[in-house]
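Have a look at the structure below before the remarks.
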Amino acid sequence: MGVENPRALVFATTNEEFGDYQANGAMAIAKQLGRNPRTIAQEIVDRAPLADLNAELDIGGPGFINVRLNDLFLATTLSESTLSQRVERAERIVVDYSSPNIAKELHVGHLRSTVIGDALVRLFEFVGHTVIRQNHVGDWGTAFGKLIAYFNTDQEFSDLTIGGIEKLYVAASQEFDTNVDFAEKARNEVIKLQRQDPDTLRTWEYIVQASLEDVQRIYSELDISLKLSDVRGESSYNPVLPSVVNDLDNKGLLVESDGAKCVFVNGFQRKDGSPLPMIVQKSDGGYLYHTTDLAALKHRTQELAADRVIYLTDSRQIHHFRMLFAVGKLVGYIPQEVSTEHLVFGSVLNKDGEPFRTRGGENVLLRELIDEGVERALDIVRSKSGHLTSGEQQQVARQVAVGAIKYADLSKNRTNDYRFDWDVMLSLDGNTAPYLQYAHARICSIFTRAKKDMNEFLEGEIELQHPSERALALRLLRFAETLEQCLDERKPHYLCNYLYEVTVHFMRFYENCPVLKAYTPRLLDSRLCLCSKTAQVLRIGLKNLGISLPLRM
Ligand code: ARG
């Protein structure tokens, strides 16, 4: 029928007012065919292969198809449902995320790539893809020349922390700008680094190791799945950069311009309309960010045998990646069947909608953010969960704070900016991590009071008596399609919104339907099963977002 996105045909919202699902696909088709949407809707209803669902279908408004599923069908489908999900064709997906420039502490500018990237890799793995994480850290180049030169003038660097290294870098940069001899020395260190001079290399290794230790520490505090073994820094491509230039030359793509080696690609222009080259080697022989990324691309498609390569950075690098992919295709690093994708995201703003910075105008460090979050969460946990020991409170506060930071980010449409507001994100009411965590803890406590094992109620006969049970059941059954949508668009907020909706409907069910005091043992078991399935959706959903759940709150 010429409809490009089949999802549009079936995409349905759940809204009790209209039945269980309301599908708007008929309208899209009618528009394309230039026909009456209600007629199309009627044709779909007449031919829909839904006989065995016992569903009631009717047409509403300008051509919506309203579906009401048979209760028994709904209950049986939910009883038999599991959350395991497998894609038909598993792919090897390289995901380049977080990728900070090191010798600097992780700050808010690194948050979104790290958190969204980590959710996506977990989701890809959950549905059966093979994911290869690549932390393309910036561990090479002029910045290191300055640092190493400064290190050599500074005697005590043996037990420097990352904070200390960052301070040194600031001082080194100042020296670089004001002292010609030092600048010369710094440039020389870059050359020595490229030539693998043992002394220079030793200092460099020391800086890199101290930085990476710190980065890994923050990852583990934030429950980010990147390991040290996922680090493949810019430095690792240094030895193969000449071969990249060779490959370009062999394909006849290299043009020399003012002594620099460049690639010109159709369609890339400067503002004034003149062709914009990708410079791959400067006249002094030095290589650039692009060149390293070409080497990394080659490695990913050839050695790592990726079917897909995904990069997450903010939108300032859109242009870089467009050019990279264009040149990558020309030089043959991106075979036809391999897809490459640059995923961008909006900025983190403060409560007032301005760039999120410290009072002094600096980047807010992730370390400080976590500490503040834990402190704030601890206040809440102390007032709400007096029954926990102080050690338990501390533990819960950590899970709440980290969950809140990650969820506030993930629950917003990736491409939009969002405002970082502690009061909103730590609220126990609303689309927040603590709200979901609290609902889950509540379900756990139902089972504790019943002295029953939650996992034994993942299967069982479900009876849908009250409308709020039916409403919950409908939501629980939409897990798979939500995940699919998330991955189709690489946007975790669909999953967040879904988990929130499930939780809202769970709370309504819990208010309306006695669980432990259900009238019959059969109803008790059915309701425990609804509770257990809700907890499972929350657990698996949040786990795939990298958010952990306290058992008690
Ligand atoms: N280190 C870069 C930065 O901080 C991001 C690297 C992204 N990945 C890449 N392959 N270029 O801006």
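These figures come from a predicted structure and were not determined experimentally.
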Flag, side chain of [X] to backbone of [Y], donor-acceptor distance under 3.5 Å:
X      : Y      : answer
Asp118 : Ser225 : yes
Glu459 : Ser79  : no
Ser445 : Arg442 : yes
Ser113 : His110 : no
Ser347 : Leu349 : no
Ser99  : Tyr97  : yes
Thr432 : Leu428 : no
Gln216 : Glu213 : no
Arg367 : Leu106 : no
Glu56  : Arg68  : no

Check whether any side-chain heavy atom of Arg376 sits under 4.5 Å from a side-chain heavy atom of Asp423, and report yes or no.
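With C-beta onward as the side chain, the pair touches.
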
Should [X] and [Y] count as an ion pair when the cut-off is N to O under 4.0 Å?
X      : Y      : value
Arg308 : Glu91  : yes
Arg527 : Glu469 : yes
Arg552 : Glu392 : yes
Glu511 : Arg508 : no
Arg217 : Glu221 : yes
Arg133 : Glu125 : yes
Asp409 : Arg112 : yes

Can you say whether the rings of Phe479 and Phe126 are parallel (under 30°), tilted (30 to 60°) or perpendicular (over 60°)?
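Geometry flag for Phe126 against Phe479: perpendicular rings.
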
For Ser98 and Tyr219, run side chain to side chain donor-acceptor pair (under 3.5 Å): C-alpha distance rounded to whole Å, both residues' side-chain angles, the deciding distance at 0.1 Å, then the answer.
CA-CA 10 Å; Ser98 194; Tyr219 288 159; 2.6 Å; yes

Are more than 12 heavy atoms from other residues, nucleotides or ligands located less than 6.0 Å from atom NZ of Lys412?
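Enclosed.
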
Determine whether more than 12 heavy atoms belonging to other residues, nucleotides or ligands lie under 6.0 Å from atom CD of Glu368.
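Enclosed.
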
For the student: nearest non-hydrogen atoms of Leu538 and Leu499, plus distance:
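Distance-wise, the nearest heavy atoms are CD2-O, 4.1 Å.
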
Would you say the rings of [Y] and [X] are close, in the sense that their centroids are separated by under 6.0 Å?
X      : Y      : value
Phe506 : Phe509 : yes
Tyr418 : Phe356 : no
Tyr494 : Tyr498 : no

Residues that Arg419 engages under salt bridge (charged side-chain N to carboxylate O under 4.0 Å, His left out), provided they are two or more places apart:
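Arg419 satisfies salt bridge (charged side-chain N to carboxylate O under 4.0 Å, His left out) with no residue once adjacent residues are dropped.
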
Let's go through Tyr289 and His320 carefully: what are the C-alpha distance in whole Å and the side-chain angles of both, what is the deciding distance for ring-ring contact (aromatic ring centres under 6.0 Å, His included) to 0.1 Å, and is it a yes or a no?
CA-CA 9 Å; Tyr289 186 55; His320 164 72; 4.5 Å; yes

Does the pair Tyr407 and Tyr500 meet the rule for a ring-ring contact (aromatic ring centres under 6.0 Å, His included), with working shown?
CA-CA 11 Å; Tyr407 192 87; Tyr500 174 60; 8.4 Å; no

Between the side chains of Asn135 and Asp230, does any donor sit under 3.5 Å from an acceptor?
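Per modelled atom types, Asn135 and Asp230 side chains form no pair under 3.5 Å.
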
